[in-house]
Protein chains: 2
Amino acid sequence: MSALDGLAVRRTTTAQQLADGLAERIMAGAFGPGDRLRESAIAAELGVARNTIREAVRILELTGLVRYEVNRGAVVIAPTPEIVEALYTARERLETAAAARTPRPEQLDAITEAFENLCAAADTGDLGTIVDRDLAFHQAIVAVLDSTRLDEFYAAMTKELRFYLTVLSKSETPEEVVAQHRLILDAIRAGDRDRAVAEIRAHIDTSVEQLKQLLDARR
Amino acid sequence: MSALDGLAVRRTTTAQQLADGLAERIMAGAFGPGDRLRESAIAAELGVARNTIREAVRILELTGLVRYEVNRGAVVIAPTPEIVEALYTARERLETAAAARTPRPEQLDAITEAFENLCAAADTGDLGTIVDRDLAFHQAIVAVLDSTRLDEFYAAMTKELRFYLTVLSKSETPEEVVAQHRLILDAIRAGDRDRAVAEIRAHIDTSVEQLKQLLDARR
DNA sequence: ATGACTCGAACTGTAGTACAGTTCAACTGT
DNA sequence: ACAGTTGAACTGTACTACAGTTCGAGTCAT
């Protein structure tokens, strides 16, 4: 910690700030999946020029929360069974690959800590926090792969998934969540990589199944 | 194949076309790593408005060929030892994870075909094509993971790597390339997953080592 | 010469206006 | 009920303008 810590000039552009703000709003549910982001309306409301909004939305596109359709502009992503399945397949591949490795001590600690955080959240019962901690636990597992690029890729998927979970208001009892993750953690801590892989696979299978049911129910 | 195949109206925007064109130019070496993409100059040269160029460049950012720096605009990515290493680490994780699986027959065929294409290119001696076929071979391996999202992620990394290889004009003898890949293919075809993983690891190790030397030599 | 400093040209970031082409829902006529 | 028409809203693109930033060239002191 230096004496100049936290001192930083405004090293960001208006468009970047708008992108951050919009991402927040979308995650908070201000825009639902499939909604269009109307440029003039947003520009007027926020008091910025339309081209600045356009840039902000292009930046948003980087994070994957919206995609562009020709002549329809930016549209908030919407979960379909195919998309959810593809997302979970990629998660499964990365997490099992990670579980097949031997974590370094500090990685094991990080995973354990993530689990404890999850337990604490489960005690409070705050669903949003539980989901966040849940996802953070899995991110800690992927970190065992020791690849920043894969960490980033996984984080981007997590952001997308977080949004889907919010809009689908997926809910399971905190006890279930903790129980499932404890199985994974135990297997990892025991150094039983085959079991860890199997537990992760099972966990992801049940999750994707639940989500698909929720998706069907919506239609 | 329907009777309407290939019939499609211009389902794209000017900005998208510009992004594609710029990507091509960059890959062809019109802009070197670290070069800035000056908006006014490009806009004037191509006869489009500056904001359209800005959009095109934002789209380009999606593919990872350029990144933005505040008040300096778009800058073509430049390989550093850290970046190259991170890239190859991610490749290693994905490819070994794929090699640890049992490929389906058609996947095995695809890999074999990719190898044959590589051999054919090696015979002609065209370095650019060899690199392309080399990368396609590895993409075919990753396809064994059966995850479209990971396929896409890997493809994006490949594009980035292709650019680095071009600007660094990496060269090894075609015989070497074919020999190394034959080892990998043989291990996969033999169903010896441990050996396949080991061969891939070795192949990537030597590649990254060569690249690092090239990078040092540049400085 | 060397290094610190100043200045200005070039460029980015943002605002604002304009308009042709597209989308989509409401309206119309059958 | 249904095909066709119309118009409002919106996107894609162009153009202009200007404040703030960057960076190299020139200047000055050492």
Side-chain angles (χ1 to χ4, degrees), chain A residues 4 7-26 30-78, chain B residues 4 7-26 30-78:
Chain A
L4 294 173
L7 187 160
V9 280
R10 176 186 98 82
R11 217 74 192 120
T12 175
T13 65
T14 307
Q16 182 62 60
Q17 294 173 41
L18 289 171
D20 294 343
L22 283 175
E24 208 175 303
R25 300 290 187 91
I26 292 174
F31 297 89
D35 281 2
R36 291 171 60 180
L37 265 47
R38 283 197 203 73
E39 299 168 358
S40 339
I42 298 176
E45 188 174 329
L46 300 183
V48 296
R50 189 155 75 94
N51 51 8
T52 305
I53 290 293
R54 283 196 132 234
E55 272 215 55
V57 174
R58 285 295 185 186
I59 296 175
L60 247 187
E61 202 182 7
L62 282 175
T63 72
L65 271 186
V66 305
R67 70 176 198 292
Y68 262 87
E69 292 179 14
V70 178
N71 283 322
R72 296 195 69 233
V75 179
V76 177
I77 53 172
Chain B
L4 294 173
L7 189 160
V9 280
R10 178 188 95 83
R11 216 76 191 122
T12 176
T13 64
T14 307
Q16 182 62 61
Q17 295 174 44
L18 289 171
D20 294 343
L22 284 175
E24 207 174 303
R25 300 289 188 90
I26 292 174
F31 297 89
D35 281 2
R36 290 171 61 180
L37 263 48
R38 283 196 204 73
E39 299 168 358
S40 342
I42 298 176
E45 188 174 328
L46 299 183
V48 297
R50 189 155 76 93
N51 50 7
T52 305
I53 290 294
R54 282 196 133 236
E55 273 214 54
V57 174
R58 286 293 185 188
I59 296 174
L60 248 188
E61 201 182 9
L62 282 175
T63 72
L65 271 185
V66 305
R67 69 176 201 291
Y68 262 84
E69 292 180 14
V70 178
N71 283 323
R72 296 195 70 234
V75 179
V76 178
I77 52 172

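Worth knowing before you read on, the calculation uses all heavy atoms, side chains too, and leaves out hydrogens, waters and symmetry mates. Note on naming: letters A, B, ... go to the chains in the order of the sequence lines (proteins, then strands), and numbering restarts at 1 for each one.
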Protein-nucleic acid N or O pairs under 3.5 Å, nucleotides 18-21 of chain D:
residue	atom	partner	partner atom	Å
D:dT21	O3'	B:Asn71	ND2	3.1

Looking at the side chain of B:Arg36, which of D:dT11, C:dT12, D:dC15 is the nearest nucleotide? C:dT12

Among D:dT13, C:dA15, D:dT11, the one nearest any side-chain atom of A:Arg38 is D:dT11

Just how far, in rounded Å, is P of D:dT13 from CD of B:Gln16? 10 Å

Base, sugar-phosphate or nothing for A:Ala15? Non-hydrogen atoms, less than 4.0 Å. sugar-phosphate

Looking at D:dT13, I'd like to know if its phosphate oxygens (OP1 or OP2) sit under 4.0 Å from a side-chain N or O belonging to B:Thr52. no

Quick one: CD on A:Gln16 to OG1 on A:Thr52, what's the gap to the nearest 0.5 Å? 13.0 Å

Distance check, rounded to the nearest 0.5 Å: A:Leu37 atom CG versus A:Leu65 atom CG? 10.0 Å

What does the inter-axis angle of the helix from C:dA1-D:dT30 to C:dT30-D:dA1 come out as, five pairs per end, nearest 10 degrees? 0°

Return all side-chain donor-acceptor pairs below 3.5 angstrom for residues 38-49 of chain B, not counting sequence neighbours, or 'none' if the list is empty.
residue	atom	partner	partner atom	Å
B:Glu39	OE1	B:Arg50	NH1	2.6
B:Glu39	OE1	B:Arg54	NE	3.3
B:Glu39	OE2	B:Arg54	NE	3.1

Tell me every residue that passes side chain to side chain donor-acceptor pair (under 3.5 Å) with B:Asn71, counting only those two or more places apart in sequence or in another chain. none

Set of side chain to side chain donor-acceptor pair (under 3.5 Å) partners for A:Asp35, sequence neighbours left out: none

Atom pair CG (B:Leu22) and CD1 (B:Ile53), whose distance is rounded to the nearest 0.5 Å: 6.0 Å

Rounded to whole Å, how long is the line connecting atom CG of A:Asp35 with atom P of D:dC10? 14 Å

I want to verify a distance call: between D:dC15, C:dG13, D:dC23, whose nearest atom is closest to the B:Arg72 side chain? D:dC23

Taking CG from B:Leu18 and C1' from D:dT13, how many angstroms apart are they, rounded to a whole number? 11 Å

Between B:Thr12 and B:Asp20, is the side-chain contact (heavy atoms from CB on, under 4.5 Å) condition met? List the steps. CA-CA 11 Å; B:Thr12 176; B:Asp20 294 343; 5.6 Å; no

Counting only side-chain nitrogens and oxygens, does B:Thr14 get under 4.0 Å of the OP1 or OP2 atom of D:dT13? yes

Compare the minimum distances between each of C:dT12, D:dC15, C:dG13 and the side chain of B:Tyr68, then state the nucleotide with the smallest one. C:dG13

Classify B:Glu69 by what it touches in the nucleic acid, base, sugar-phosphate, or nothing, heavy-atom distance under 4.0 Å. sugar-phosphate

Which nucleotide, C:dA15, D:dT11, D:dT13, lies nearest any side-chain atom of A:Ser40? D:dT11

Taking the nucleotide of DNA chain C with the nearest heavy atom to each, does B:Asn51 or B:Glu39 sit closer to the 5' end? B:Glu39

Which part of the nucleic acid does B:Ile53 contact within heavy-atom distance under 4.0 Å: base, sugar-phosphate only, or nothing? nothing

What's the separation between atom CZ in B:Arg58 and atom CG in B:Asn51, rounded to the nearest 0.5 Å? 13.0 Å

Not counting sequence neighbours, which residues clear salt bridge (charged side-chain N to carboxylate O under 4.0 Å, His left out) with A:Arg72? List them please. A:Glu69

